[in-house]
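Here's the structure we're looking at; comments come further down.
FYI, side chains are in, hydrogens and waters are out, and symmetry mates aren't considered; it's all heavy atoms of this structure. Letters A, B, ... are given to chains in the order of the sequence lines, protein chains preceding strands, and every chain is numbered from 1.
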Amino acid sequence: MEFEPRDQFEQRQRKLEQIQALGHEAFPREFRWTESPAELLKDYAAVQGPELEASRKEVRVAGRIVSYRLMGKAGFAHLQGAGKRIQIYVKKDVVGEKGFQLFHLLDLGDHIGVRGHLFRTRTGELTIWVDELFFLSKALLPLPEKWHGLADIELRYRQRYLDLIVSEKSRAVYQTRARIVRELRQFFDGRGYIEVETPMMHPIAGGATARPFVTHHNTLDIDLYLRIAPELYLKRLTVGGFDRVYEINRNFRNEGISTQHNPEFTMLEFYEAYSNYRDLMELNEQLFAQVAKSITGSTKVKFGEHELDFGKFTRLTMREAIVKYWPEEAGPTPHLDEFESAAALRARLHESVDDLAQAHHEHEPWQNQAKQQMVRVLKASFLAILRGSEEKGEPVGKTIGDIFEAVAEDKLIQPTILYDFPTDISPLSKQKPEDPALTERFEIIAAGMEIANGFSELNDPAEQERRFAAQIARGGDEAPKQLDVDYLRALCHGMPPTAGEGIGIDRLTMLLTDSHSIRDVILFPLLRPEAKPEDQAAAEGEKA
RNA sequence: AGGGGCGUAGCUCAGUGGUAGAGCAGCGGCCUUUUAAGCCGAAGGUCGUGGGUUCGAUCCCCACCGCCCCUACCA
């Protein structure tokens, strides 16, 4: 093994040998401790020095050395354990010649155990007076800089272990994430739901529109897809009589990577028989308020410059959202009847493009750069939407969805329930009885991000088959390659009226931890693998 | 995929068309209540990689690699 910095690596290997020569095992197997550094700091926060020294209660504590100050015949260090740091004081008189030799051979990053008792230093810091040192494990590579920590974002993602050692903030995010998941489990368990695990390898990728990852099973000699959603399996379970069922697990989508997208991400998906999407909206209002409150202490949560209030959801239909956020530069807002026909909507968009061009022309660039930018981007989006509609023959519902995304989605900062989605983009949702162009579907949007997606589940097998067939006929990378006949068969056995929903755990964690990149809430986000130096040289050789 | 930015010691960062600097970490020495401990000394680098311009490139130009941000695809 060879690592940079080579001299420090070798230096520390030599020290390990010297530690062994002192009679210590290089890699001991255990250490029996009585308290963690975190527990000591908490339990003895209010206990004064004289009281500590009067009782001289023996403690045994293990941790990683994260600071080290040697002063002749005594020294201080901090041991980090369970995320907190306790100081230790090591005196040659007390630990003896060999004990002090061991102390000399320690480096930042090493794990040790200590036996001793608590006292307070002159400055009042709670400290362990060490009677005996135990060597536990050597860090052969140095820790990041002690004051600034690991500032290189790439290193924080690639070497998360270092980030976690050095950054209490990062550590806290993942602890919060665990609490969020626990909270969600409690919420659903308390409502009579059962937690299940359905396949992650699917013969047909369904339940969402996304490009899947493909893999292969050797013995069966079949291609399989990593699941893009658990939806169709969970709904089979509602047919099977699990009336309230949920799963928390990973989905995989072979799509782009961004601050809001990682190729694998965690979803909570749940189904509740005999309920509809209105019931779910109410359930969501309770759920989000409760989770936000128990995680952050309040339903009002700081997210960047905003304060998101999960105690108060706005409800808007998709069409209302488009009308509400339609910018004046885009001309008159569309009328309700214009959402009915593709031709009317296209005409509206063409007019808007002209109005936007006009607006762009009228504004002097230096007057309001942000507005100029908005007008330019919106015009480009509208032109793209028109191309989709006119050249690719996309259905009107798709056009409406695209318009929503172009004009409204990023404006929805406060938690919003956006509902009544076009049937054309909702192949698994039940239609509204009074308007088959719309479905009983909603999304929860906060900070401009889609957090959850739920609907009254389509349980009419004939209609489901028509929708699947339409999807397949339309084609594209994101459409299923074949009909999921077994799913239709399951529906034919009778699925109760059911409402279901998926909640993005990563994004929810972002909101509740004020994290602005999904990579900050996923321990090991997908990055391009590090090239070994020789690979890199070879790659360049080939090109030359 | 397109646009912008970044890449210098293990880490955090300065810097210059003329052979590269600080702090922390590491090494040697002094120091028995310090705490970003201190003081003295020495060491540490193919300035992301490869080309080009130049008498001379870490710096200027081009390509490539990696990361970040925005846009596009998507949740």
Exercise. CD of A:Glu409 to CD1 of A:Ile403: how many Å apart, nearest 0.5 Å?
Worked result: 14.0 Å
Problem set entry | Presence of salt bridge, A:Arg156 and A:Asp152, under 4.0 angstrom | no
Exercise. Expressed in angstrom and rounded to an integer, what is the separation of A:Arg14 atom CZ from B:G26 atom P?
Worked result: 15 Å
Problem set entry | Residues A:Arg158, A:Glu154; criterion salt bridge (charged side-chain N to carboxylate O under 4.0 Å, His left out); working and verdict | CA-CA 6 Å; A:Arg158 288 197 193 276; A:Glu154 180 176 355; 2.9 Å; yes
Problem set entry | Under-4.0 Å salt bridge between A:Arg250 and A:Glu264 | yes
For this session: Quick one: look up who B:G17 pairs with, Watson-Crick or G-U, both distances under 3.5 Å, and put none if it's unpaired.
Result: none
Seminar exercise, completed: Its contact letters, B for base, S for sugar-phosphate only and - for none at protein heavy atoms under 4.0 Å, make nucleotides 28-33 of chain B read ---BBB
Seminar exercise, completed: Separation of B:U12 atom P from A:Asp163 atom CG, nearest Å, is 11 Å
Problem set entry | Base partner of B:A22, which must satisfy Watson-Crick or wobble distances under 3.5 Å | B:U12
For this session: Quick one: sort the A:Trp129 and A:Phe119 rings into parallel, tilted or perpendicular, breaks at 30° and 60°.
Result: perpendicular
Exercise. Can A:Glu269 and A:Lys235 be counted as an ion pair, charged N to O under 4.0 angstrom?
Worked result: no
Exercise. Contact class for A:Glu450 (heavy atom, under 4.0 Å): base, sugar-phosphate, or nothing?
Worked result: sugar-phosphate
Exercise. Which base sits across from B:A72 as a Watson-Crick or G-U pair, both distances under 3.5 Å?
Worked result: none
Seminar exercise, completed: Residue pairs meeting salt bridge (Lys or Arg N to Asp or Glu O under 4.0 Å), one or both in residues 96-111 of chain A, sequence neighbours left out, come to A:Arg12-A:Asp107, A:Lys15-A:Asp107, A:Lys92-A:Glu97, A:Asp107-A:Lys138, A:Asp110-A:Lys138
Problem set entry | Rounded interatomic separation in angstrom, taking NE2 from A:His148 and P from B:U12 | 10 Å
What pairs of nitrogen or oxygen atoms, one from the protein and one from nucleotides 20-22 of chain B, lie under 3.5 Å apart?
none

For this session: Under a 3.5 Å limit for both distances, which nucleotide forms a Watson-Crick or G-U wobble pair with B:C30, could you say?
Result: B:G38
Problem set entry | Nearest-nucleotide 5' precedence on RNA chain B, A:Asp7 against A:Ala208 | A:Asp7
For this session: Considering only atom C1', compute the distance from B:A43 to B:A20 and round it to an integer number of Å.
Result: 15 Å
Exercise. Quick check: are there more than 12 heavy atoms from other residues, nucleotides or ligands sitting under 6.0 Å from CE of A:Met201?
Worked result: no
Seminar exercise, completed: As its Watson-Crick or G-U partner within any shown strand, both distances under 3.5 Å, B:C64 has B:G48
Exercise. Can you tell me how far P of B:G10 sits from CG of A:Leu140, to the nearest Å?
Worked result: 17 Å
For this session: Could you work out the separation of B:G17 and B:A57 based on their P atoms and round it to a whole Å?
Result: 15 Å
Exercise. With a non-hydrogen cut-off below 4.0 angstrom, is A:Asn262 in contact with a base, only sugar-phosphate, or nothing?
Worked result: base
Seminar exercise, completed: Looking only at B:U34, B:G26, B:G10, the nucleotide nearest the A:Leu108 side chain is B:G26
Exercise. Taking the same atom, P, in B:G18 and in B:C60, what whole-Å distance lies between them?
Worked result: 12 Å
Expected rows: protein N/O vs nucleotides 5-8 of chain B N/O, under 3.5 Å:
none

Exercise. Does A:Tyr419 have any ring-ring contact (aromatic ring centres under 6.0 Å, His included) partners at least two apart in sequence or in another chain, and if so, which?
Worked result: none
Exercise. Is it true that A:Asp506 and A:Arg177 have a side-chain N and a carboxylate O under 4.0 angstrom from each other?
Worked result: yes
Problem set entry | Ion pair check, A:Glu168 and A:Lys84, cut-off under 4.0 Å | yes
For this session: Could you tell me whether A:Ala151 contacts a base, only the sugar-phosphate backbone, or nothing, with contacts defined as non-hydrogen atoms closer than 4.0 Å?
Result: sugar-phosphate
Problem set entry | C1' atoms of B:C13 and B:C27, separation to the nearest Å | 23 Å
Exercise. Which class fits the ring pair A:His516 and A:Phe303: parallel under 30°, tilted 30 to 60°, perpendicular over 60°?
Worked result: parallel
For this session: Can you tell me, in whole Å, how much space there is between the P of B:U12 and that of B:G41?
Result: 28 Å
Exercise. Could you give the CD-to-C1' distance, from A:Gln8 to B:G45, as a whole number of Å?
Worked result: 14 Å
For this session: Please work out whether the ring planes of A:Phe103 and A:Phe100 are parallel, tilted or perpendicular, with thresholds of 30° and 60°.
Result: tilted
For this session: Start with the C-alpha distance between A:Glu285 and A:Arg315, add both sets of side-chain angles, then the distance that settles salt bridge (charged side-chain N to carboxylate O under 4.0 Å, His left out), and finish with yes or no.
Result: CA-CA 11 Å; A:Glu285 287 177 336; A:Arg315 293 194 189 192; 3.3 Å; yes
For this session: Taking atom P in both B:A9 and B:G5, compute the distance separating them and give it to the nearest angstrom.
Result: 22 Å
Between the protein and nucleotides 67-73 of chain B, which nitrogen or oxygen pairs come in under 3.5 angstrom?
{"from": "B:C67", "atom 1": "OP1", "to": "A:Arg528", "atom 2": "N", "distance (Å)": "2.9"}
{"from": "B:C67", "atom 1": "O4'", "to": "A:Glu154", "atom 2": "OE1", "distance (Å)": "2.9"}
{"from": "B:C68", "atom 1": "OP1", "to": "A:Arg519", "atom 2": "NE", "distance (Å)": "3.3"}
{"from": "B:C68", "atom 1": "OP1", "to": "A:Arg519", "atom 2": "NH1", "distance (Å)": "3.4"}
{"from": "B:C69", "atom 1": "OP2", "to": "A:Arg519", "atom 2": "NH1", "distance (Å)": "3.0"}
{"from": "B:C73", "atom 1": "O2", "to": "A:Gly256", "atom 2": "N", "distance (Å)": "3.4"}

Exercise. Expressed as a whole number of Å, how far does the P atom of B:A36 sit from that of B:G50?
Worked result: 43 Å
Seminar exercise, completed: Here the distance between atom P of B:A25 and atom CH2 of A:Trp147, to the nearest Å, is 13 Å
Exercise. Expressed in angstrom and rounded to an integer, what is the separation of A:His78 atom NE2 from B:U34 atom P?
Worked result: 13 Å
For this session: Return the orientation label for the A:Phe213 and A:Phe252 ring planes: parallel under 30°, perpendicular over 60°, tilted otherwise.
Result: perpendicular
Problem set entry | Separation between OG of A:Ser67 and CZ of A:Arg85, rounded to the nearest 0.5 Å | 7.0 Å
Problem set entry | Donor-acceptor pair (no angle test) under 3.5 Å: A:Glu145 side chain, B:G10 base | no
Problem set entry | C1'-based separation of B:U19 from B:C47 [nearest Å] | 13 Å
For this session: Could you say whether A:Pro144 or A:Thr127 is positioned toward the 5' end of RNA chain B, judged by the nucleotide with the nearest heavy atom to each?
Result: A:Pro144
For this session: Starting from C1' on B:A9, measure out to CZ on A:Phe9 and report it in whole angstrom.
Result: 19 Å
Exercise. Touch check for A:Gly502, heavy atoms < 4.0 angstrom, all strands: base, sugar-phosphate only, or nothing?
Worked result: nothing
For this session: Return yes when atom NZ of A:Lys42 has more than 12 non-hydrogen atoms of other residues, nucleotides or ligands closer than 6.0 Å, and no otherwise.
Result: no
